[in-house]
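Below is one structure, written out as structure tokens; the observations come after it.
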Amino acid sequence: MSDEKSLNFIEEIISQDLATGKHKSILTRFPPEPNGYLHIGHAKSICLNFGLAETFGGATNLRFDDTNPVTEDTEYVESIKADLKWLGFNWIKECYASDYFDQLYAFAVQLIEKGLAYVDDSSAEAIAQQKGTPTQPGTGNAFRERSIQENLTLFAEMKAGKYNDGEKVLRAKIDLASPNMHMRDPLLYRIKKAHHHRTGDQWCIYPMYDFAHGQSDSIENITHSICTLEFIPHRALYDWCIEQLGIFPSHQYEFARLNMTYTVMSKRKLLQLVQEGHVQSWDDPRMPTISGMRRRGYTAESIRDFCDRIGIAKRENIIDFSLLEFCVREHLNKIAQRRMVVTDPIKLVITNYEQAEEILDSENNPEDPNGGTRPVPFSKELWIQADDFMEVPTKKYFRLGPGLSVRLKSAYIIECESFDKDAEGKVTTVYAKYFPNSKSGSDTSGIHVKGTLHWVSAKHAIPVELNEYDRLFNVEDPSSAEGDFKSYINPHSLHTVTTAWGEPALLNDPLDARFQFLRKGYFYQDTNSTKDKLVFNRTVTLKDTWAKEQKK
RNA sequence: UGCCUGAUGGUGUAACGGUAGCACAACUGUUUUUGGUGCAGUUUGUCUUGGUUCGAAUCCAGGUCAGGCAACCA
């Protein structure tokens, strides 16, 4: 570890554990509950857990924390695995907490035998009340004093299905006066006569998180069990279970979860967005889900780079969305194929161009010396952007206007001569002459222009549809803003451009190609795109210093 | 009134008693056949009050602020 890069606090703990011989090698785990789709916050945890194993020569288990049958489903198991693979991570073992149900049951029996657990017949409300408050100790009840034998019998009956949901629970017997609420006789098992996606109807009692997670870690010999800050108060219980059971001492460490500006990260809120139709699906490109980002065109590399850059610490944070965008642009700039697409088109007629057409070459990627070129047809009538022409140009406007000259990318320098307007005063056609000796690559004209425009030959153009995305919320922190977070949804987060013209090369490009549409942004073909109707999602815009200049 | 975390520029994150650094953002300039990219630069920071020390972001004590802690969820 001679890197200049400093270690985060978990890496420091691990390198010490390795140095002191506490562990010969490390084993981490990523433990999602299969009740929803993975999002960028999970990606942080994934990159941490798998990254740690990579850095220190260990391995990582994928473990589904499936102890609540009513919320979980195999659909989620599959999507989680797909997202993980797409991100580029490989787990050494695929595990399920439900694989340990027998073992966990035996652990509970052990605790009862040691007089450390009891069956409680109280209602949920009664138990909550008896727990006291953070400032007041809890009070016991008579069930707490049941004999070991009685508890054993009752617990076996719970397992056998003798009781209904909510009739009885198994609780640990710890300390009702503990300043840590989680130690006030926490629930270990509850009755749920529900179908489990893996164990079916084999069980009707299910372990709670606190009785399943640490023991699962221990069973798998996880050395470093890493979770988020809200589990800090659970650690005492995690340790208590392991100690009382005398099993492999896994340890829990906590880091701060990811928050990002202009988005929400809780599963509950994301679910609302989908169910109430604010977005179209879990993989809507505006969602912070892994599948949404994938569909939008973010690369796995850029997401991993992002997770690397945000760091790991214990303080609450809210990361600028622009950092994610930076990571995406940085990667895409290196790999994206350059293409020309005109949105909001107006006609440009080259008055002195007499050939039927000619084929020009344009570089696929100026950042890649081996990127090669593609043929681009040029002709007398072209499409250009409406905002690349101004009837009365402002200062520092480097585009087209009466008498102004620009270069057409990979083609010729032109000079604007005149223009037509329609009845409403909207410019419809621009007329310009071209300089035949200014052809790209063999320019002998000696003319210097400040602007270069992208264009598409009208008779060769293919129609494309573009989905332009903006941030989903119009405030930085919708979750802590006053009122309902949904009232801060940006109504313009999706703008669909139905009449755009693309260059013909697009027809032959592979489905999963990454594009930069010159001067517009990075684009990626949508899952609903077809050969007959090409649909592209805007992954991210280009940085636009001209737009900033205009705002001044 | 309790317990647990934490506090370094706008946002993240380093500095492990000895020069407060890096990245993003913002802003300049420069290069450019993308107002992209690249390159160079600028601005902005140790929550507070005491103490220990030659020397404190770092150690100690008090305070302040922020977040968390009670679900038959994870």
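Source: prediction; values computed, not measured. Protein chains get the first letters and strands the later ones, always in sequence-line order, with residue 1 at the start of each.
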| task | Determine which bases of RNA chain B form Watson-Crick or G-U wobble pairs with both distances under 3.5 Å, and write the result as a 5' to 3' dot-bracket string with | for other-strand partners. | result | .((((((..((((....[..)))).(((((.......)))))....(((((..]....))))))))))).....
| message | For a quick test of reading the model: is some side-chain N or O of Arg190(A) closer than 4.0 Å to OP1 or OP2 of C73(B)? | response | yes
| Would you say a side-chain N or O of Thr67(A) is under 4.0 Å from OP1 or OP2 of C73(B)? | no
| task | Go through the N and O atoms of the side chain of Gln516(A) and the base of U34(B), and report whether any donor-acceptor pair is under 3.5 Å. | result | yes
| said: Just checking Arg257(A): does its CZ atom have more than 12 heavy atoms from other residues, nucleotides or ligands closer to it than 6.0 angstrom? | reply: no
| Euclidean distance, atom CG of residue Leu360(A) to atom C1' of U33(B) [Å, nearest integer] | 13 Å
| Of the listed nucleotides C24(B), U33(B), U37(B), the one nearest the side chain of Arg407(A) | U33(B)
| query | What interatomic distance, in whole Å, is found between P of U5(B) and the corresponding atom of G45(B)? | reply | 31 Å
| task | Identify whether the distance between the nearest side-chain nitrogen and carboxylate oxygen of Arg338(A) and Glu367(A) falls below 4.0 Å. | result | no
| Any donor-acceptor pair under 3.5 Å from Gln136(A) side chain to Gly132(A) backbone | no
| query | In whole Å, what separates the P atom of U43(B) from that of A56(B)? | reply | 26 Å
| message | Please give the distance between the P atoms of G41(B) and A23(B) as a whole number of Å. | response | 11 Å
| request: Could you work out the separation of C16(B) and G21(B) based on their C1' atoms and round it to a whole Å? | output: 15 Å
| task | Please determine, for the side chain of Glu33(A), which listed nucleotide (A70(B), C24(B), A74(B)) has the closest atom? | result | A74(B)
| query | Roughly how far, to the nearest 0.5 Å, is the CZ atom of Phe101(A) from the OG1 atom of Thr199(A)? | reply | 5.5 Å
| Exercise: do Ser178(A) and Asn180(A) side chains pair donor with acceptor under 3.5 Å | no
| note | Per atom distances to the Pro366(A) side chain, the nearest of G36(B), A70(B), U5(B) is G36(B)
| Gap between atoms CZ and P, on Phe326(A) and G12(B) respectively (whole Å) | 18 Å
| request: Identify which nucleotide among A74(B), A14(B), G35(B) has an atom closest to any side-chain atom of Met208(A), counting heavy atoms from C-beta outward. | output: A74(B)
| said: Check the phosphate of U32(B) against Thr452(A), side-chain N and O only, distance under 4.0 Å to OP1 or OP2. Yes or no? | reply: no
| said: I'd like the P distance from C69(B) over to G29(B), given in whole Å. | reply: 50 Å
| request: Please tell me which of Ser123(A) and Leu453(A) maps to the more 5' nucleotide of RNA chain B, matching each residue to the nucleotide holding its nearest heavy atom. | output: Leu453(A)
| request: Give the C-alpha distance, both sets of side-chain angles, the deciding distance and a yes or no for side chain to side chain contact (heavy atoms under 4.5 Å, CB included) between His213(A) and Phe231(A). | output: CA-CA 11 Å; His213(A) 202 98; Phe231(A) 290 97; over 6 Å; no
| task | At under 4.0 Å between heavy atoms, which parts of nucleotides 41-46 of chain B does protein reach? Answer with one letter per nucleotide, 5' to 3': B base, S sugar-phosphate only, - none. | result | ------
| message | Given A74(B), G35(B), A14(B), identify the nucleotide with an atom nearest to the side chain of Tyr209(A). | response | A74(B)
| message | Tell me the interatomic distance from Tyr238(A), atom OH, to C69(B), atom P, rounded to whole angstroms. | response | 20 Å
| field | Gap in Å between the two C1' atoms, one belonging to U34(B) and one to G18(B), rounded | value | 49 Å
| query | Between Lys192(A) and C73(B), does any side-chain N or O lie under 4.0 Å from OP1 or OP2? | reply | yes
| Between Lys168(A) and Glu157(A), is the closest basic N to carboxylate O distance under 4.0 Å? | no
| message | Tell me whether Lys193(A) at atom NZ has more than 12 heavy atoms from other residues, nucleotides or ligands lying less than 6.0 Å away. | response | yes
| Does OP1 or OP2 of C27(B) have a side-chain N or O of Lys548(A) closer than 4.0 Å? | yes
| message | Taking atom types as they are modelled, would you say the side chain of Arg399(A) forms a donor-acceptor pair with the base of G35(B) within the 3.5 Å cutoff? | response | yes
| Could a donor-acceptor pair under 3.5 angstrom be found where the side chain of Arg519(A) meets the base of U34(B)? | no
| said: Using a distance-only criterion (donor-acceptor N/O pair, under 3.5 Å, no hydrogens), is the base of G68(B) paired with the side chain of Glu254(A)? | reply: no
| task | Return the nearest nucleotide to the side chain of Ile310(A); candidates are G12(B), A74(B), C24(B). | result | G12(B)
| Taking the same atom, C1', in U11(B) and in U44(B), what whole-Å distance lies between them? | 12 Å
| task | Starting from P on C24(B), measure out to CD1 on Ile319(A) and report it in whole angstrom. | result | 14 Å
| query | Which nucleotide in the set C72(B), G36(B), C69(B) lies at the smallest distance from any side-chain heavy atom of His182(A)? | reply | C69(B)
| request: Salt-bridge test for Glu220(A) and Arg63(A): reply yes if a basic N is under 4.0 Å from a carboxylate O, no otherwise. | output: yes
| task | Using only heavy-atom distances, decide whether a donor-acceptor pair under 3.5 angstrom links the side-chain of Arg315(A) to the base of U5(B). | result | no
| task | Please name the pair of heavy atoms, one in Glu33(A) and one in Ile80(A), separated by the smallest distance, quoted to 0.1 Å. | result | O-CD1, 4.2 Å
| Proximity to the side chain of Asp544(A) - top-ranked nucleotide from U13(B), C24(B), G35(B) | G35(B)
| request: Mark yes when over 12 heavy atoms from residues, nucleotides or ligands other than Glu330(A) sit less than 6.0 Å from its CD; otherwise mark no. | output: yes
| Looking at A74(B), A15(B), U11(B), which one has an atom nearest to any side-chain atom of Asp320(A)? | U11(B)
| said: Closest approach to the side chain of Arg309(A), judged atom by atom: which nucleotide of C16(B), A23(B), G36(B) is it? | reply: A23(B)
| task | Look at Lys334(A) together with Glu301(A) and state whether they make a salt bridge at an N to O cut-off of under 4.0 Å. | result | no
| P gap between U13(B) and G6(B), integer Å | 13 Å
| Roughly how many Å is it from CD1 in Ile232(A) to P in C4(B), rounded to a whole number? | 11 Å
